[in-house]
Student: 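For reference, the structure I am asking about is given below.
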Amino acid sequence: MRLVMTEPAERMDRPYARRWWALLVLCLSLLIIVMANTALTVAAPAMTEDLGLSSADLQWVIDGYTVPYAALMLLLGAIGDKYSRRGALVLGLVVFAGGAVSGYLAGSADAVIAARAVMGAGAAMIMPATLSLLAATFPRAERAKAITLWTATAGLAIAAGPLVAGALLEHHGWSSTFLINVPVAALAIVGALVLVPPSKAGHHGRIDYGGGLLSVVWIGALVYMIIEGPHFGWGAKAVTAAVVAGVALVAFVLWELRHPRPVLDVRRFTDRGFAGSNLAVALFFLAVFGAFYYLTQHLQFVLGYDALDTGLRMLPLAGAVFAGSALTGYLTPRVGMKWTVTAGMVGGTAALALLTQVDSGSSYGDFVAPLIVLGLAIGLALSPCTDAIMGAFPESELGVGGAVNDTSLELGGSLGIAILGSLLATSYSGHLSDATVGSRLPGSSLETAQDSVGAGYAVAQGIGDRARQLAEQAAHTSDPQQAERLRTQAGQLADGARQMTDAVGSSFADAVAHTSLAGAVILGVGTVVVAVLLPRKGKPVDEGAEDRELESVG
C-alpha cells in the first residue's frame with residue numbers, strides 16, 4: 001500500500017474505504033481554524049497587558065484574521081476546484097502554521113495583526129477545501145451524516161478554543177495559543193496526504209478571475225466596514241469601505257450575470273431553499289458569535305473566572321452541539337429540513353431570550369440553560385443548511401459551494417460581533433454613567449471606565465490601590481491629625497472602589513440582558529423569514545445540481 005493516497009476520489013468505482021478516517025482529518029483541519037478565533041477571547045487580556053495594546057489594536061488583532069478569511073474564500077474555493085482540493089487544504093495548512101509561528105514570535109501589535117492576517121489567508125484555503133473534499137469523498141447517501149459531524153466539530157471548536165487557551169495560559173504565555181496550532185497543522189498535513197484522496201473538478205473551464213477579484217473586494221470591504229464603523233465610528237475609513245463594498249457588489253452581480261462560467265452563479269439565490277439556507281447560517285452565527293463575545297467577558301470579568309475556568313464553563317455548549325447534531329440526523333429525514341432548521345432557530349432565539357434575565361446577582365448557574373439550549377439549536381439547524389447549500393452545486397463547483405456556506409458563516413459572525421458588540425458597549429457605557437451619578441468620580445476616570453468592562457474594573461482597582469496607599473501612609477504618620485485625614489480619605493476611596501466595582505458589574509450585566517434582547521429579536525424575525533423561504537417539500541437539493549452538471553457537460 002502506498003504511503004501517500006494518489007487515487008482521485010472521482011475515479012473510484014466504489015465508496016472510498018477509509019472515508020471516515022479522511023473525515024477525521026478534515027474535521028481536525030476545521031477545528032484549528034475555528035479555535036484560532038475563539039481561543040483569542042481568553043488570551044486577549046494577557047496579550048493586552050504584555051504588548052500594551054489599545055482597544056483599537058486588540059480589535060484588529062481579533063479581526064485581522066476575519067477580513068482575509070472571509071474575502072478570499074470564494075476565489076480560493078474556485079481555484080481549488082480547478083487544480084486540487086487536497087492541494088488547497090495542504091497549502092492552507094502550511095500557510096496557517098506559518099502565520100501561527102509568526103504570531104508566537106511577534107513582539108508588537110502590528111506583528112501580531114500581520115500574523116493573524118496570514119493565518120486568515122490560510123484558513124480561507126482550508127475551510128472550503130474541507131467541505132468540498134467531504135462532498136467528493138462521501139457518497140450522497142452518507143453525505144448528510146458526514147456534514148453533521150463536520151458541523152458538530154465547528155460547534156465543538158467554538159467552546160474548545162477558550163478551554164485549550166485557558167489550559168495553556170495556566171503555565172505559559174499568550175504566545176503559546178499561537179504555537180499550539182503548529183503540531184496540529186502538521187498532523188493534519190500528514191493525515192491529508194495519507195488518508196484524504198486527491199480531488200478536483202472532472203471538467204472545469206477557465207476560472208472567472210474577474211468575478212473572483214470583485215468578490216474579494218466587496219466582501220473584504222464589507223467586513224472591514226462592519227468592523228470599523230461600529231467600533232471606531234463612522235468616519236472616512238468606514239464610509240469609504242461602505243461605498244467600495246456597495247459598488248463592488250453591484251459590479252460583481254452584473255459581471256456574474258453576464259459571464260458564461262461565473263465563479264458564482266448568483267441566480268442560485270433566487271431559489272428559496274438556497275437563499276433560506278444561507279440566511280439561516282448567517283443569522284445563526286450572528287447570534288452565536290455575538291453571544292459568545294459577551295458571555296466570555298461576563299464569565300471572566302464579572303464572575304471572576306480565570307481563562308481555564310471560563311473554558312471549562314463553556315463545555316455544556318459543546319456537549320449540546322453534539323446532542324443536537326445527533327437529533328438532526330434522526331429528525332431531518334423524517335420531518336424535512338424546513339421544520340428542523342426552524343426548530344433550531346426557535347431554540348437559538350429562546351437561548352438569547354433566557355439571557356435577558358441576567359442581572360448583577362446572576363451566577364454561572366443562570367448561564368447553563370442558555371448554553372445548553374444554544375448548543376442544541378446549533379446542532380439542530382446548521383447541518384441541514386450546510387447539506388442543502390452543498391447540494392445546490394455540481395461536482396465541478398464543490399469548493400465554491402463550501403466557500404458560499406463558509407462566507408455566510410463568517411459574514412454572520414462578523415455582523416454578530418459588530419452589531420451586538422457595539423450595542424453591548426453603548427448599553428454598558430450608558431448604564432455605567434447612570435450608576436455613577438453623584439459618585440464624585442473624575443470625568444477622565446469615568447470615560448476610561450466606560451471603554452470596556454475590563455477598563456472599568458481597572459479603574460476600580462486603581463481607586464482601591466490608592467486607598468491602600470493612603471492607609472499605609474496613615475499608619476506611618478506621626479501627626480495624629482494628618483493620620484486621621486489620611487484614614488478618612490482612604491476610607492472614602494475604599495468605599496468608592498467598592499461602589500465602582502459594583503457599578504461596573506451591574507452595568508455590564510444589564511448590558512448583557514439588553515444586548516441579548518436585541519439578538520433575540522433579530523434571530524426571531526430571521527426565523528420567520530427563513531421559515532417562509534424554506535420549501536416544505538420539493539425535489540432533493542442535489543437534483544438541481546445534477547441538472548446543471550449535465551448541462552455543463554453538454
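Values reported hereafter were calculated over all heavy atoms of this structure, with side chains retained and with hydrogens, waters and symmetry mates removed.
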Student: What residues, two or more places apart in sequence or in another chain, satisfy ring-ring contact (aromatic ring centres under 6.0 Å, His included) together with Tyr65?
Tutor: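 Counting only residues at least two positions away or on another chain, Tyr65 forms a ring-ring contact (aromatic ring centres under 6.0 Å, His included) with Tyr69.
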Student: Under 4.0 Å between a Lys/Arg side-chain N and an Asp/Glu carboxylate O for Arg261 and Glu397?
Tutor: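 Not counted as a salt bridge, because no side-chain N and carboxylate O are separated by less than 4.0 Å.
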Student: Using the test salt bridge (charged side-chain N to carboxylate O under 4.0 Å, His left out), find all partners of Arg85 that sit at least two apart in sequence or belong to another chain.
Tutor: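 Testing Arg85 for salt bridge (charged side-chain N to carboxylate O under 4.0 Å, His left out), a comparison that skips the adjacent residues, returns Glu10, Asp81, Glu395.
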Student: Find out whether Leu89 and Met125 are in side-chain contact, i.e. whether some heavy atom of one side chain is under 4.5 Å from a heavy atom of the other.
Tutor: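 SC-SC contact between Leu89 and Met125 ruled out.
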Student: Are side-chain heavy atoms of Pro128 and Val400 found at a separation under 4.5 Å?
Tutor: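 No, their side chains stay 4.5 Å or more apart.
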Student: Between Thr270 and Arg267 (side chain of the first, backbone of the second, donor and acceptor by atom type, cut-off under 3.5 Å), is there such a pair?
Tutor: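 Answer holds: yes.
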Student: Closer than 3.5 angstrom, by distance alone: can the side chain of Thr340 be matched with the main-chain N or O of Gly336 as a donor-acceptor pair?
Tutor: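 Between the backbone of Gly336 and the side chain of Thr340 there is a qualifying donor-acceptor contact (under 3.5 Å).
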Student: Are the side chain of Thr356 and the backbone N or O of Ala353 linked by a donor-acceptor pair below 3.5 Å?
Tutor: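 Yes.
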Student: Kindly compute the distance separating CG (Leu30) from CH2 (Trp150), expressed to the nearest 0.5 Å.
Tutor: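 Reported to 0.5 Å precision, the distance equals 5.5 Å.
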Student: Given side chains that start at C-beta, do those of Lys200 and Tyr83 come closer than 4.5 Å, heavy atoms only?
Tutor: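 Not touching, per the 4.5 Å side-chain cut-off.
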Student: At their closest point, which heavy atom of Leu374 faces which heavy atom of Gly348, and how far apart are they?
Tutor: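 In this case the closest contact between Leu374 and Gly348 is CD1-CA, 4.3 Å.
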Student: Using atom types as modelled and distance alone, determine if a side-chain donor or acceptor of Arg334 lies under 3.5 Å from a backbone N or O of Tyr330.
Tutor: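 Present.
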Student: If only atom types and distance count, is the side chain of Glu256 paired as donor or acceptor with the main-chain N or O of Pro262 below 3.5 Å?
Tutor: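 No: the side chain of Glu256 does not pair with the backbone of Pro262.
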Student: So, for Ala78 and Val263, which heavy atoms are closest and what is the spacing to 0.1 Å?
Tutor: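 Distance-wise, the nearest heavy atoms are CB-CG2, 3.6 Å.
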Student: Quick one: are the ring centres of Phe393 and Phe274 less than 6.0 Å apart?
Tutor: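 Yes, ring centres under 6.0 Å apart.
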Student: Hey, does the side chain of Arg272 reach the backbone of Val532 with a donor-acceptor pair shorter than 3.5 angstrom?
Tutor: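 Yes, because the side chain of Arg272 sits within donor-acceptor range (under 3.5 Å) of the backbone of Val532.
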Student: Under the side-chain hydrogen bond (donor to acceptor under 3.5 Å, both in side chains) rule, collect the residues that match up with Asn181, sequence neighbours excluded.
Tutor: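 With sequence neighbours excluded, Asn181 shows a side-chain hydrogen bond (donor to acceptor under 3.5 Å, both in side chains) to no residue whatsoever.
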Student: Within this structure, what is the OG1-CD1 distance for the pair Thr153 and Ile147, rounded to the nearest 0.5 Å?
Tutor: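 One finds 12.5 Å between OG1 of Thr153 and CD1 of Ile147.
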Student: Quick check: do Leu163 and Met314 have side-chain heavy atoms less than 4.5 Å from each other?
Tutor: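 Side chain of Leu163 against side chain of Met314, heavy atoms only: no contact under 4.5 Å found.
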Student: State the CD1-OG1 distance between Ile522 and Thr527, to the nearest 0.5 angstrom.
Tutor: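 Reported to 0.5 Å precision, the distance equals 11.5 Å.
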Student: Given the rule in the side chain to side chain contact (heavy atoms under 4.5 Å, CB included) test, do Thr328 and Thr148 qualify, once you have shown the distances and angles that lead to the verdict?
Tutor: CA-CA 8 Å; Thr328 196; Thr148 295; 4.2 Å; yes
Student: Measuring from atom CD1 of Ile372 to atom CG of Leu376, what distance do you get when rounded to the nearest 0.5 angstrom?
Tutor: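 Spacing of CD1 (Ile372) from CG (Leu376) equals 7.5 Å.
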Student: I'd like to check Phe178 versus Val101 (side-chain heavy atoms, cut-off strictly below 4.5 Å). Are they in contact?
Tutor: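 Counting from C-beta outward, Phe178 and Val101 never come under 4.5 Å.
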Student: Would you say that more than 12 heavy atoms from the other residues, nucleotides or ligands in this model lie under 6.0 Å from the CH2 of Trp339, or not?
Tutor: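 No, the 6.0 Å shell around CH2 holds no more than 12 heavy atoms from other groups.
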Student: Please check this pair: side chain of Arg86 against backbone of Val196, looking for a donor-acceptor N/O pair closer than 3.5 Å.
Tutor: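 Here the side-chain-to-backbone pair exists.
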Student: Cation-pi check for Phe138 against Arg140: NZ or CZ below 6.0 Å from the six-membered ring centre and within 45 degrees of the axis, yes or no?
Tutor: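 Cation-pi check for Arg140 and Phe138: fails.
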Student: Please test Ser325 against Leu149 for side chain to side chain contact (heavy atoms under 4.5 Å, CB included), starting from the C-alpha separation and ending with a verdict.
Tutor: CA-CA 7 Å; Ser325 298; Leu149 292 173; over 6 Å; no
Student: May I ask you to decide if the ring planes of His298 and Phe367 are parallel, tilted or perpendicular, using 30° and 60° as cut-offs?
Tutor: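 Judged by the thresholds at 30° and 60°, the geometry between His298 and Phe367 is tilted.
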Student: By side-chain contact (heavy atoms from CB on, under 4.5 Å), which residues pair with Ala520, not counting sequence neighbours?
Tutor: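 side-chain contact (heavy atoms from CB on, under 4.5 Å) check on Ala520 returns Thr349, Leu352.
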Student: Looking at Leu534, is its backbone amide N or carbonyl O close enough to the side chain of Lys338 to form a donor-acceptor pair, meaning the two atoms are under 3.5 Å apart?
Tutor: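 Checking the backbone N and O of Leu534 against the side chain of Lys338, a donor-acceptor pair under 3.5 Å is found.
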Student: Got a list of side-chain donor-acceptor pairs under 3.5 Å for residues 377-386, not counting sequence neighbours?
Tutor:
unit_1, atom_1, unit_2, atom_2, d
Ser383, OG, Thr151, OG1, 3.3
Thr386, OG1, Leu382, O, 3.1
Thr386, OG1, Asn405, OD1, 3.2

Student: Calculate, to the nearest 0.5 Å, the distance between atoms CG and CG belonging to Asp265 and Asp208 respectively.
Tutor: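 Between Asp265 CG and Asp208 CG, I get 11.0 Å after rounding to 0.5 Å.
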Student: Where do Tyr293 and Leu420 land on the side chain to side chain contact (heavy atoms under 4.5 Å, CB included) test, with the steps shown first?
Tutor: CA-CA 9 Å; Tyr293 176 77; Leu420 299 186; over 6 Å; no
Student: Taking the side chain as everything from C-beta on, heavy atoms only, tell me whether Pro15 gets closer than 4.5 Å to Pro139.
Tutor: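 Contact flag for Pro15/Pro139 side chains = yes.
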Student: So does Leu411 get a backbone contact from the side chain of Ser414, meaning a donor-acceptor N/O pair under 3.5 Å?
Tutor: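 No, the answer is negative, given that no donor and acceptor are paired below the 3.5 Å cut-off.
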Student: Can you name the nearest heavy-atom pair linking Thr407 to Met73, along with the distance?
Tutor: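 Taking Thr407 first and Met73 second, the nearest heavy atoms are N-CE, 3.6 Å.
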Student: Just checking, any donor-acceptor pair under 3.5 angstrom between side chains of Ser516 and Tyr294?
Tutor: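 Result is yes, a qualifying pair exists.
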Student: Quick one: closest heavy-atom pair of Leu76 and Ala124, and the distance?
Tutor: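 Heavy atoms only, the tightest pair is CD1-CB, 3.9 Å.
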Student: Going by the rule side-chain hydrogen bond (donor to acceptor under 3.5 Å, both in side chains), which residues pair with Gln357 if we only count those two or more places apart in sequence or in a different chain?
Tutor: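 For Gln357 there are no side-chain hydrogen bond (donor to acceptor under 3.5 Å, both in side chains) partners, ignoring immediate neighbours.
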Student: Tyr364 side chain to Arg313 main-chain N or O, any donor-acceptor pair under 3.5 Å?
Tutor: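 Yes; at least one donor-acceptor contact below 3.5 Å.
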Student: Do Leu308 and Leu169 touch side chain to side chain, with heavy atoms closer than 4.5 Å?
Tutor: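 Contact flag for Leu308/Leu169 side chains = no.
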Student: Are side-chain heavy atoms of Val216 and Phe252 found at a separation under 4.5 Å?
Tutor: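 No, side chains not in contact.
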Student: Is Glu142 salt-bridged to Arg19, going by a charged N under 4.0 Å from an acidic O?
Tutor: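 Yes, Glu142 and Arg19 are salt-bridged.
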Student: So, for Ala70 and Glu410, which heavy atoms are closest and what is the spacing to 0.1 Å?
Tutor: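 Looks like CB-CB, 4.0 Å.
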Student: Enter the distance from Thr137:OG1 to Arg143:CZ here, rounded to the nearest 0.5 Å.
Tutor: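 Result: 9.5 Å between the selected atoms.
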Student: For the pair Phe289 and Leu415, evaluate side chain to side chain contact (heavy atoms under 4.5 Å, CB included) and give the outcome as yes or no after the intermediate values.
Tutor: CA-CA 9 Å; Phe289 274 63; Leu415 280 169; over 6 Å; no
Student: Identify the heavy atoms of Met5 and Met12 that sit nearest to each other, and give their distance.
Tutor: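 Heavy atoms of Met5 and Met12 come nearest at CE-CE, 3.2 Å.
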